[in-house]
Amino acid sequence: MEWFSQIRRRLAVLWRRDRFDRDLEEEMQSHLELQAQEHRESGMPAREARAAAHRQFGNALWLKESSRDLWGWGPVERLARDLRYAARGLRQNPGFAAVATLSLALGIGANTAIFTVVNAVLLRSLPVRSPEQLVIVHSSIDGPVKGVRVQNSYNYTDEATGRRYFNTFSLAAVREFRAKASGAVDAFAFFSPGKVAVSEGSGSRPAFLTVVSGNFFEGLGVPMTLGRGLMESDDEPGSRALVVTSSFWEHSLNADAAILGKMLRLNGVPVTVVGVTGAAFHGISAAGFDGPADVFAPLHALATIVPDEFRPSRKPKTAPDSWWIQVMARRRSGITAEAAAARLTAVYRGTFADSGMPALQAAKNPRILLDEGDKGLSPLRAKIERPLLILLVVAGLVLLLACVNMATLQLARSAARQREMAVRLSLGAGRGRVVRQLLIESLFLSSLGAIAGVAMAAWGAPLVAHFLTAVPAFDAVWLDLSPDLRILGFTLLATVLTGVLFGLAPAWQATGVDIASNLKDNARAAGGRSHFRLGKVLIAGQAALSLVLLTGSGLFLRTLWNLYKVDAGFDRDRLLLFRLDAGQLAFKPAQTGPIYDAILQSISATPGVRSAAAMSHALIGGWNNSTELASAETEWQPLSVLLNTVTPEFFTTMRMPLVEGRAFSPRDSDATRRVVILNQSAARRLCGDGPAVGRIIRRFAGGDQAVEVEVIGVARDAKFNDLRRPIEPTVFVPFQQSYPFTGRVIVLRTAGDPMAMVGPVRRAIAGVNGDVAMTDVKTQTGLIEESLHQERLFSALLTLFAGFSLLLAAIGLHGVTAYSTARRTGEIGLRMALGAGREQVLALILRQVLRPVAVGTAIGLAVGYAATRWIESMLFGVKRLDVSTFLGAFLLLAAVAMLAAFLPAWRATKVDPMTALRAE
Amino acid sequence: MVDAGKSRTEIPPGTLEMLILKTLKRLGPTHGYGIAKSIRQASDEVLRVEEGSLYPALQRILLKGWVTAEWVAAGPKRRNRIYHLTPEGRKQLSAEISGYRRVCQAIERVIEPA
């Protein structure tokens with residue numbers, strides 16, 4: 001508190017600074033007079049008295065200064081003075097200020113934009129209570145478990161150990177976790193059936209539904225804006241409670257103030273809204289199977305809202321080998337993750353033993369694994385973590401480049417200010433003081449750059465996020481790109497580091513001047529050599545950075561080019577794709593089947609449409625289904641293959657030729673024998689080298705039973721998920737012999753521009769059934785472009801940065817050459833007067849100036865050699881040490897450097913020797 | 001009377017503030033010159049406060065809030081800056097005096113003839 005009153009008093013003085021000074025002066029004046037009076041009274045003559053008093057008073061100026069220091073806000077006032085000085089300096093040099101601010105804005109802006117995305121994807125926690133206590137529950141089993149059916153699963157197999165990892169559990173397991181492991185964790189369960197149709201009166205909107213256990217909201221600690229979360233009492237059969245997210249409430253329900261207690265219909269089923277979540281909550285996953293969420297209902301409501309969810313497998317969801325629920329848990333206080341995992345593993349093993357199913361009881365070493373849950377689930381994270389970090393490093397390089405360039409420019413500026421420095425140093429300013437003032441200038445510049453950069457980042461971050469995540473595999477992605485303390489801290493750190501980095505070395509250089517020789521007229525002699533050395537180091541640095549960026553740019557451009565050229569296995573032009581959204585009808589497949597067929601017929605008959613078909617998964621769409629086939633060649637062991645369910649016109653529409661046999665026909669129906677078409681890779685694996693048509697193989701459609709199917713055709717190999725993955729064995733199955741899917745993608749081959757057909761097709765659909773709508777309309781080429789978003793982003797950014805770095809390097813090199821030749825005009829004149837030819841002098845200058853470029857290039861090549869290891873997984877069709885790319889980058893840099901240095905060097909050699917010598 | 005023969009004794013650092021406070025307590029509110037004169041007289045001309053140390057000391061105790069200052073008119077065109085002791089200053093004074101006495105006694109004990 002003491003210091004607080006002190007600060008208050010100091011503030012009072014700061015306010016009335018002038019009056020304070022005058023008061024002090026007046027006080028001392030009056031003291032002087034009283035002293036003089038005393039001397040006069042004791043007998044001294046008046047003038048002597050006054051002189052004696054003055055002598056006694058000492059250095060009045062020093063007194064005033066020390067008083068000021070005591071009260072003063074010395075550092076603050078000095079800072080303000082330095083800032084004013086810096087601003088004035090910039091006003092006098094608008095060109096420099098513009099270049100500096102722009103290049104710093106680009107560097108700091110790029111870093112902030114990318115860090116914002118990094119923060120949203122990798123660093124931000126869920127907006128719930130104590131997220132650090134949350135864990136995500138997975139399991140692992142050493143070996144396959146027969147007959148298990150998984151849904152919404154990211155399960156995978158570790159080829160090396162044979163261990164299988166699962167992220168879903170059975171209903172029984174979840175019940176046991178909650179009953180028997182409650183001392184260690186509070187486990188809550190959830191499942192996302194996907195989109196449902198929400199309606200208030202007429203018309204419906206899609207909403208993403210997640211069903212949750214009764215303790216989900218309480219266990220997670222979800223923030224609520226209105227009403228309450230779901231409770232245990234809601235998780236009963238016949239329950240009608242519903243919770244909506246804040247964004248769904250705002251966007252689709254018009255932020256209805258009377259939302260609590262309001263009745264809505266989900267797929268026709270009446271529900272009542274009991275709560276609205278907090279604004280920042282979007283469920284537990286930013287993308288993928290489980291997010292972003294719109295509405296939450298209790299687990300029991302699944303049976304009424306989405307009754308046919310599990311029909312295709314004919315395995316009830318209560319079965320112990322039906323693993324469809326995901327689990328997250330909150331560790332109880334004092335319980336470590338290891339202890340929790342051990343307890344859960346014991347309970348889990350118990351469920352296998354008690355299941356009464358021999359396949360489960362034989363499962364080898366089932367274990368529970370716990371992952372940190374503070375950031376929620378995100379398959380997105382795994383997919384884009386590496387590209388994101390690479391981008392951050394690249395942005396850091398660009399900022400470094402901007403710093404190096406700024407340092408070069410500052411160096412040139414300080415060379416011009418040598419005189420000013422000498423004067424200040426000779427007047428008694430300490431070197432530290434002057435360096436501090438120069439640093440303030442640099443920090444001022446970097447702050448200006450940061451302000452412009454942050455504005456750029458506000459625009460750039462959503463753009464980067466969009467291109468990184470808008471791959472077709474993720475239907476909807478929600479990222480919280482709002483600024484927070486972490487981003488602010490990052491930007492501040494970047495600004496300060498930048499300012500110090502490019503300001504310190506030139507400042508140190510500038511103040512290390514030889515005062516005496518500088519104050520004389522011959523300003524050339526002083527400080528030049530060490531200036532030049534620093535300049536050379538900076539040029540080398542710029543060359544190295546430019547080479548690294550150029551190489552990266554080249555590699556990505558070639559990757560993109562290679563991807564564009566990939567033969568997809570079908571004809572991708574003039575194909576229109578879209579989904580049919582049957583609204584509330586979608587969940588009654590018996591009705592939708594005939595409607596879809598009628599729609600397809602109507603579309604096929606539309607003029608301008610060459611052919612039309614339907615499929616379960618669009619090609620190059622990022623998703624696939626899979627199934628298992630077996631044949632004699634596989635010793636009747638199941639082979640996992642990709643699965644696409646299609647209508648008969650599929651192969652002609654996609655122009656995917658059949659190398660053997662025939663396509664499906666309307667005769668292949670539910671009543672006749674099951675038929676399949678294999679692609680060439682599948683045919684090779686399952687049927688060997690001989691003909692595949694007519695062979696009978698087995699398909700494991702779920703459960704232990706295998707169905708016999710006949711191969712009626714072999715299609716040419718084609719890409720399925722994306723362009724990068726090599727062709728995998730694929731099987732095609734007709735719609736008529738599958739359970740009617742709710743999800744169906746229609747594809748048409750058009751005569752002309754696909755997008756021009758959207759209107760006529762929409763009308764054709766409406767003519768059959770007015771409730772069905774077209775959604776997700778795209779062209780096949782557009783879909784392929786989307787799948788290449790990441791590669792396009794990288795190519796664009798790296799090329800932009802590489803161009804920027806070349807430009808800066810050229811400017812820097814030009815400046816340094818001009819400076820160095822200006823310094824040596826006399827020497828050049830002398831050489832030429834002594835008979836050296838113009839070309840010889842030119843060669844001399846160029847050799848000296850380009851040497852640091854050569855050194856920088858060598859460093860850049862070495863760095864590139866090491867660093868390309870990290871981007872290897874992102875390249876396609878080009879090796880990471882591709883010689884032609886490195887060579888191309890090197891040649892481009894060399895050409896630009898030669899050009900930049902040549903012009904000033906040439907100008908220098910045109911000098912008249914006599915003029916040069918006279919100026920000496 | 002100014003006696004140039006007597007040598008100047010340095011006032012130990014830190015005690016000047018104590019002396020100023022004590023003077024203000026004894027004399028009541030005074031101006032800077034009056035404080036210096038009083039110290040000189042009270043110490044029989046032994047302690048002569050340099051103006052160069054008086055005013056910084058006054059500024060210090062002003063900053064710490066032990067005294068306050070105000071301008072008081074002292075004639076048609078003159079005014080003096082008068083310093084007042086504050087309650088905190090009073091408290092500080094007794095603390096300083098007892099501290100000083102304790103140190104003195106300790107020094108006495110050390111230099112006592114063995």
From B:L54 atom CG to A:M28 atom CE, the distance as rounded to the nearest 0.5 Å: 11.0 Å
Within 6.0 Å of OH in B:Y100, more than 12 heavy atoms from elsewhere: no
A:L427, CG atom: more than 12 neighbouring heavy atoms under 6.0 Å: yes
Other residues, nucleotides, ligands: >12 heavy atoms within 6.0 Å of B:R26 CZ: yes
Intermediate values then yes/no, side-chain contact (heavy atoms from CB on, under 4.5 Å), B:K37 and A:L34: CA-CA 10 Å; B:K37 186 165 172 190; A:L34 286 170; over 6 Å; no
Side-chain donor-acceptor pairs of residues 68-75 of chain B under 3.5 Å, sequence neighbours excluded:
| from | atom 1 | to | atom 2 | distance (Å) |
| --- | --- | --- | --- | --- |
| B:E70 | OE2 | B:H84 | NE2 | 3.0 |
| B:W71 | NE1 | A:D23 | OD2 | 3.4 |

Pair A:E26 + B:R81, salt bridge at N-O below 4.0 Å: no
